[in-house]
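Read the structure below first, then the notes.
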Amino acid sequence: MEDVSGYQNLTPAQAIDHQQELRKQISIKELNTPIRTIAGADISFNKYSDILYAGIVVFSYPELKIIGTATAISHITFPYISGLLAFREIPALIDAWNNLITKPDLMVLDGQGIAHERRMGIATHFGLVTGVPTIGSAKSRLAGRFDEPADRSFAESPMYDKGEQVGVALRSKARCNPIYISPGHNISIQQSVDVIKNCIRGYRIPEPTRQAHLLVNKIRIEHGDGKPAQPGLFD
DNA sequence: GCGACAG
DNA sequence: ATCTTGTCGC
């Protein structure tokens, strides 16, 4: 697996060059091996601190029973820059990944897959680094134009960027904003959407990513990193 | 030049 | 991303 520890020293321009290089290896095609386990990953942090909490929750599929978790705590080494999210979150996620005893067949990340200006959203990047098939499930749009999907559960509308379909805007729940699904690596667009639909359990956010979010917030609070160090001192 | 801009 | 209670709409 590619070493990801050097990301902290990259300038934004170098990070973009790296994305242009990595994108050559992206493979968007049907996943033909059976999916028996699926995992969700997410990170959490306190804006007053520089600690990142990463977590992964593994489920049986399609039953979605939790069968394992892994977490990792590290320091922020890269700023948040739209389009370069992977360089900020992937090092911490890889730490959690390395702590996972049994790797899942498929992974869902909180962010874009190929629905990205250079097709290198965090889900795609994670898939290329680890080799595991990935799906991106984002709460807001980055790239791609689409028509608003109908206001009923599971209504969907294709997302296009530069003349090609990069994902689907999916109404995971009626009267809620859609979520943006795009394949990360080693899976197709259609299969990505089908899998995510199978992971909806009454909430807007699919269960893998939803549970990962709950997990990382829990460990952050347990770690005593839930409030500013000096409340209101400089406010 | 102006607006958009994952988490 | 995170800070937060009540509150409007279905």
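Throughout, a chain's letter reflects where its sequence line sits, starting with A, and its residues are numbered from 1.
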Review point. Just checking Leu84(A): base, sugar-phosphate only, or nothing, at a heavy-atom cut-off of under 4.0 Å?
Key: base

Check your understanding: Is Glu63(A) salt-bridged to Arg36(A), going by a charged N under 4.0 Å from an acidic O?
Key -> no

Show each protein N/O and nucleotides 3-5 of chain C N/O combination with a separation under 3.5 Å, one pair to a line.
unit_1 : atom_1 : unit_2    : atom_2 : d
dC3(C) : OP1    : Gly226(A) : O      : 3.2

**Study point:** Leu142(A) side chain, from C-beta outward: closest of dA1(C), dC5(B), dG7(B)
**Key:** dC5(B)

Review point. With a distance cut-off below 6.0 Å to the six-membered ring centre and an angular limit of 45° from the axis, does Arg88(A) pair with Phe78(A) as a cation-pi contact?
Key: no

Review point. Atom CZ of Arg175(A) to atom P of dG9(C): distance rounded to whole Å?
Key: 14 Å

Review point. Contact class for His125(A) vs. all strands (heavy atom < 4.0 Å): base, sugar-phosphate, or nothing?
Key: nothing

Check your understanding: His185(A) and Phe126(A): aromatic ring centres closer than 6.0 Å?
Key -> no

Review point. So, Ser44(A) versus Arg220(A): side-chain donor-acceptor pair below 3.5 Å or not?
Key: yes

Review point. Does Tyr80(A) make a side-chain N or O approach to OP1 or OP2 of dA6(B) shorter than 4.0 Å?
Key: yes

Review point. Does Ser44(A) have a side-chain nitrogen or oxygen under 4.0 Å from the phosphate oxygens OP1 or OP2 of dT2(C)?
Key: yes

Check your understanding: Do you see a donor-acceptor pair shorter than 3.5 Å between the side chains of Asp225(A) and Tyr48(A)?
Key -> no

Review point. Rounded to the nearest Å, what distance is computed from the CG atom of residue Leu52(A) to the C1' atom of nucleotide dG7(B)?
Key: 10 Å

**Study point:** Protein-nucleotide distance (Glu89(A), atom CD; dA1(C), atom C1'), rounded to Å
**Key:** 8 Å

Practice item. To the nearest 0.5 Å, tell me how far Asp147(A) CG sits from Met159(A) CE. Key: 11.5 Å

Check your understanding: Within a strict 4.5 Å, meaning less than it, do heavy atoms of the Lys139(A) and Asp110(A) side chains meet?
Key -> yes

Practice item. Please assess Glu156(A) against Lys197(A) for the test salt bridge (Lys or Arg N to Asp or Glu O under 4.0 Å), listing each intermediate value before the final yes or no. Key: CA-CA 11 Å; Glu156(A) 55 183 271; Lys197(A) 284 181 176 176; 2.7 Å; yes

Point to revise | Short side-chain donor-acceptor distance under 3.5 Å, Tyr53(A) and Asn217(A) | key: no

Check your understanding: Tell me: CE of Met159(A) to C1' of dA6(B), nearest whole Å?
Key -> 10 Å

Review point. Picking from Arg118(A), Glu117(A), Arg119(A), what satisfies side chain to side chain donor-acceptor pair (under 3.5 Å) with Gln19(A)?
Key: Arg118(A)

Exercise for review: Could you please name the option among dA1(C), dG7(B), dA4(B) that lies closest to any side-chain atom of Arg141(A)?
Suggested key: dA4(B)

Exercise for review: State whether Lys139(A) places a side-chain N or O below 4.0 Å from either non-bridging phosphate oxygen (OP1 or OP2) of dG7(B).
Suggested key: yes

Revision key, fill the gap. From CG of Leu85(A) across to P of dA4(B) the rounded distance in Å is 21 Å

Point to revise | Closest to the Gln112(A) side chain, choosing from dA6(B), dT2(C), dG7(B) | key: dA6(B)

Point to revise | Candidate nucleotides dC5(B), dC10(C), dG7(B), ranked by approach to the side chain of Ser82(A) - the nearest | key: dC5(B)

Exercise for review: Return the value, rounded to whole Å, for the distance between atom CZ of Arg88(A) and atom C1' of dT2(C).
Suggested key: 11 Å

Exercise for review: Find the distance Lys173(A):NZ to dG9(C):C1' and express it as a whole number of Å.
Suggested key: 13 Å

Study note, to complete from the structure: Taking dA1(C), dG7(B), dC5(B) as options, the one with an atom nearest any side-chain atom of Ala138(A) is dG7(B)

Practice item. Measure the distance from CZ on Arg145(A) to P on dA4(B) and round it to the nearest whole Å. Key: 13 Å

Check your understanding: Counting a pair only when it is Watson-Crick or G-U and both distances are under 3.5 Å, which runs of at least 3 such pairs involve DNA chain C?
Key -> none

